Amino acid sequence: MIKVLFVCLGNICRSPLAEGVFKHLVSYEGLEDKIFVDSAGTSGWHIGEPPDPRSIEVAMENGIDLNSYGRKAISLDFEEFDYIIAMDGNNYSDLKNRSGSSVEGAAKLYLMRDFDDIGKGQDVPDPYYGGDDGFSYVFELLDRSCRNLLEEIREEHKV
Ligand code: 4NP
């Protein structure tokens, strides 16, 4: 199993949406038995909570159900997962500090928009304090980035 973990701050807006979008693509390609997908937050503020209603709504508008519950990223995730995808630079630095500074751990860490051909390496902006249009914009970025990420994983692992 290839394991992919998406990480943001709260694990209720961006990373559950990324998880849902990526799972949808994985399932469309019939790869559910090859690729496992999860999400987590660098904070523990929303442990056990469903995604933000605005993330659920934008996902539903695009035919995607979100079914995750908030959890906090832990150092064991660096052993369990093959790809750890941070939504922004702050999440990335937080995770890097938690990787126990192992070279192996750090090598699994990526920025979501490393995979976006428009605005490569930029942050997925935090939509939590904004309006609904922020969530549509985030959906677009995630959809684009997730498609490229899946392509890259398929090439790398020949699946
Ligand atoms: P997320 O957004 O990191 O995309 O899940 C946030 C969710 C909650 C908070 C901040 C960002 N918060 O301050 O509770």
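Whatever order the structure lists them in is the order used to number ligands and atoms, beginning at 1. What you see below is based on every heavy atom in this structure, not just the backbone, and it leaves out hydrogens, waters and symmetry mates. Just so it is clear, the model here is predicted, and its values are computed rather than measured.
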Under-4.0 Å heavy-atom contact with ligand 1, by part of F135 that carries it =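 It is neither; nothing of F135 touches ligand 1.
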
key: Residue-ligand contact H46/ligand 1, heavy atom below 4.0 Å   = yes

Starting from [atom], which protein heavy atom do you reach first, and at what distance in Å?
{"atom": "atom 12 (N) of ligand 1", "result": "Y128 CE2, 3.5 Å"}
{"atom": "atom 13 (O) of ligand 1", "result": "Y129 OH, 3.1 Å"}
{"atom": "atom 4 (O) of ligand 1", "result": "R14 NE, 2.7 Å"}
{"atom": "atom 5 (O) of ligand 1", "result": "C13 N, 2.9 Å"}
{"atom": "atom 11 (C) of ligand 1", "result": "D126 OD2, 3.0 Å"}

inquiry  = Could you report the tightest heavy-atom contact between F115 and S145, atom names first, then the distance?
reply    = CB-O, 3.5 Å

request  = Return the minimal non-hydrogen interatomic distance between G89 and D123, and the atom names on each side.
outcome  =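 Nearest heavy atoms, G89 then D123: N-OD1, 2.9 Å.
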
query = Got a second to check how far L17's CG is from S15's OG, nearest 0.5 Å?
reply = 9.0 Å

query = How long is the span from the OG atom in S136 to the CG atom in L141, to the nearest 0.5 Å?
reply =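 Answer for the OG-CG pair, S136 versus L141, is 11.0 Å.
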
request  = Please check if atom CD in E152 has more than 12 non-hydrogen atoms from other residues, nucleotides or ligands closer than 6.0 Å.
outcome  = no

request  = Could you check whether the rings of F22 and F6 sit parallel, tilted or perpendicular, using 30° and 60° as the cut-offs?
outcome  =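 Plane angle over 60°, so perpendicular.
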
Side chain or backbone, does [X] bring an N or O within less than 3.5 Å of an N or O on ligand 1?
{"X": "C8", "value": "no"}
{"X": "I12", "value": "yes"}
{"X": "W45", "value": "no"}

query = So, N97 and D94: side-chain donor and acceptor under 3.5 Å apart, yes or no?
reply =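 There is no such pair (donor and acceptor under 3.5 Å, judged by atom type) between the side chains of N97 and D94.
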
